[in-house]
Number of protein chains: 2
Amino acid sequence: MSFAVTVDLVLLTIREGALSVLLIRRAIPPYQGGSALPGGFVLPEEDLDDAAERELVEETGLRGAGHLEQLGSYGAPGRDPRGRVVTIAYLALVPDAPSPRAGSDAAEADWVPVAALPPLAFDHGRILADGIERARAKLEYTPLAAAFCPPEFTIAELRQVYESVWGTRLDPRNFHRKVTSTDGFVVATGRSTAGERGRPAQLFVRGAAPVLYPPLLRKG
Amino acid sequence: MSFAVTVDLVLLTIREGALSVLLIRRAIPPYQGGSALPGGFVLPEEDLDDAAERELVEETGLRGAGHLEQLGSYGAPGRDPRGRVVTIAYLALVPDAPSPRAGSDAAEADWVPVAALPPLAFDHGRILADGIERARAKLEYTPLAAAFCPPEFTIAELRQVYESVWGTRLDPRNFHRKVTSTDGFVVATGRSTAGERGRPAQLFVRGAAPVLYPPLLRKG
DNA sequence: TGAGTTATCGTCGACTTGACGATATAAGTC
DNA sequence: GACTTATATCGTCAAGTCGACGATAACTCA
């Protein structure tokens with residue numbers, strides 16, 4: 001028994017304070033004209049992670065920035081009308097900025113706030129939901145929120161990432177205390193912002209800690 | 001391009017206080033005679049989760065008990081000398097008891113303490129390492145430790161699960177307080193053990209909470 | 001009956017968290 | 001320049017949580 005194997009991307013960013021996902025409009029059947037996650041077939045001599053990285057570069061032009069991890073595999077028999085297709089979904093978190101480029105089999109690509117999602121092709125609705133939940137959970141116990149930020153960022157920018165992804169408000173003072181006191185979360189650069197409203201803020205870069213200890217937990 | 005798709009199982013249990021994994025001895029090439037994770041090909045009309053469930057039943061005879069979740073996919077081009085094979089790895093946590101049954105292409109199957117692992121075929125060493133780390137992490141923020149226990153269990157049994165999986169000692173009094181005070185972790189049955197050494201212990205069943213809040217964190 | 005063993009309840013200090021007051025340092029306005 | 005507005009950052013305090021550990025309860029075994 002042989003299968004086609006694809007890689008699909010749940011590509012998230014924060015645009016105008018809203019957690020958003022990159023969706024493409026399908027140029028060919030099935031689901032022609034419908035919205036879907038970007039993705040494509042794994043090449044004959046390509047590792048899965050490399051295929052995901054390639055898709056990410058194709059869609060955003062970003063290389064190395066942000067974060068890319070495997071999300072899970074989806075292979076129900078009827079998920080693609082063309083035949084037996086297993087997809088390995090990847091979760092990518094990137095800073096805002098890259099304008100989407102049209103991929104090979106995509107008519108167009110665009111950022112869509114996850115609060116205003118259209119129906120998606122295949123089982124992509126489920127995959128996206130899993131990706132969003134993964135991102136929400138990972139903010140709790142890893143420093144991954146910084147993947148949504150530019151290389152240097154303020155504590156307030158980082159807080160807005162949490163607020164956008166979780167859909168909650170966080171107290172700026174308590175958040176500041178937590179972030180700066182958790183070992184390896186962020187590292188001060190010594191530089192500051194200027195020209196913004198209010199007191200200038202210190203700039204930080206992401207720290208080396210792979211996990212937050214103790215974690216920064218959501219309510220409930 | 002077409003791929004073969006298999007499902008492999010990281011099947012963990014606690015035997016004699018040691019976290020152990022089910023390994024099979026390969027009856028056929030490649031890696032004939034070597035140790036490997038149990039697994040097999042996904043059937044033409046079978047969903048991935050169903051294939052994993054089928055493998056689990058074939059190996060243990062268990063149905064419904066324990067816990068089964070997708071771990072991740074592995075598909076490096078050279079991982080199987082027979083050709084391009086992508087495997088979807090699943091993590092299964094089961095109570096101790098089931099004696100292993102020989103699978104179809106396995107000469108024998110046996111529980112091996114993870115502290116005394118032989119080299120494994122294919123990339124199964126990496127898959128197993130990922131599975132163990134997943135299990136360790138999940139004990140922190142989910143009530144999954146109960147999946148290693150029989151339907152009714154004592155707080156001490158649950159504590160020994162944590163101690164075996166994490167390889168640490170936990171204070172029985174603090175652990176008892178934490179488990180019984182965390183909402184939805186365990187539910188008292190009213191029954192007790194009898195005939196054991198020491199004071200009889202209350203029996204509990206797993207609670208309904210999908211996650212522990214607050215979590216039960218490892219050191220460091 | 002006494003010794004040993006395990007379960008369970010309490011206590012205490014250190015630490016963390018959430019709520020929120022106070023101050024610092026900028027831009028803009030008059 | 002004085003005042004307002006906005007944001008960053010530091011402090012304070014009470015409530016909750018955690019780790020270390022004492023004390024007691026309820027069994028088995030000899």
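Small disclaimer: the values here were computed from a predicted structure and weren't measured. Below, chains carry the letters A, B, ... as their sequence lines are ordered, and counting in each starts from 1.
- Looking at which nucleotide of DNA chain C each of B:F204 and A:S181 is closest to, the 5′-most match is held by B:F204.
- For the pair A:L23 and A:S35, the tightest heavy-atom approach, listed with the atom from each and the gap, is CD1-CB, 4.4 Å.
- Nucleotide D:dC27 holds its C1' atom 15 Å from the CD atom of B:Q202, rounded to whole Å.
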Listing time: all N or O pairs from protein to nucleotides 2-5 of chain C that are below 3.5 Å?
none

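- Using a 4.5 Å heavy-atom threshold, the side chains of B:R191 and B:Q202 count as separate.
- In this structure, B:F175 places its CZ atom 17 Å from P of D:dT17, rounding to the nearest Å.
- For DNA chain D, the residues of residues 143-172 of chain A within the heavy-atom distance limit of 4.0 Å (strictly under) are A:A156, A:R159, sorted by number.
- Applying the 4.0 Å criterion to OP1 and OP2 of D:dC18, one finds that B:K178 has a side-chain N or O inside that range.
- On a pure distance criterion of 3.5 Å, no polar donor-acceptor pair joins the side chain of B:R173 and the base of C:dG10.
- Between A:E163 and A:R136 no salt bridge is recorded (no basic side-chain N to carboxylate O distance below 4.0 Å).
- Checked for salt-bridge contact, A:E69 and A:K138 meet the test: a charged N lies under 4.0 Å from a carboxylate O.
- Heavy-atom distances to DNA chain C give each of B:N174 and A:L216 a nearest nucleotide, and the one nearer the 5′ end belongs to B:N174.
- When rounded to the nearest whole Å, the span between OH of B:Y213 and P of D:dG16 equals 13 Å.
- Donor-acceptor pairing under 3.5 Å is recorded for the side chains of A:D8 and A:T87.
- Place B:P200 and B:P214 on DNA chain D by their nearest nucleotides, and B:P214 ends up nearer the 5' end.
- Rounding to whole angstrom units, CZ of residue B:R191 and C1' of C:dA7 are separated by 18 Å.
- A 4.5 Å side-chain heavy-atom check between A:L128 and A:V10 finds at least one atom pair inside the cut-off.
- The CZ-P distance, from B:R218 to D:dG19, rounds to 14 Å in whole Å.
- At a threshold of 4.5 Å between non-hydrogen side-chain atoms, the residues B:S73 and B:I88 count as touching.
- Remark: the A:R177 side chain and the D:dG11 base include no donor-acceptor N/O pair separated by less than 3.5 Å.
- Counting heavy atoms from C-beta on, the side chains of A:T180 and A:F185 never come closer than 4.5 Å.
- For the pair B:L19 and B:L12, the minimum side-chain heavy-atom distance is below 4.5 Å.
- Contact annotation: B:H176 side-chain N/O to C:dT8 OP1/OP2 distance is under 4.0 Å.
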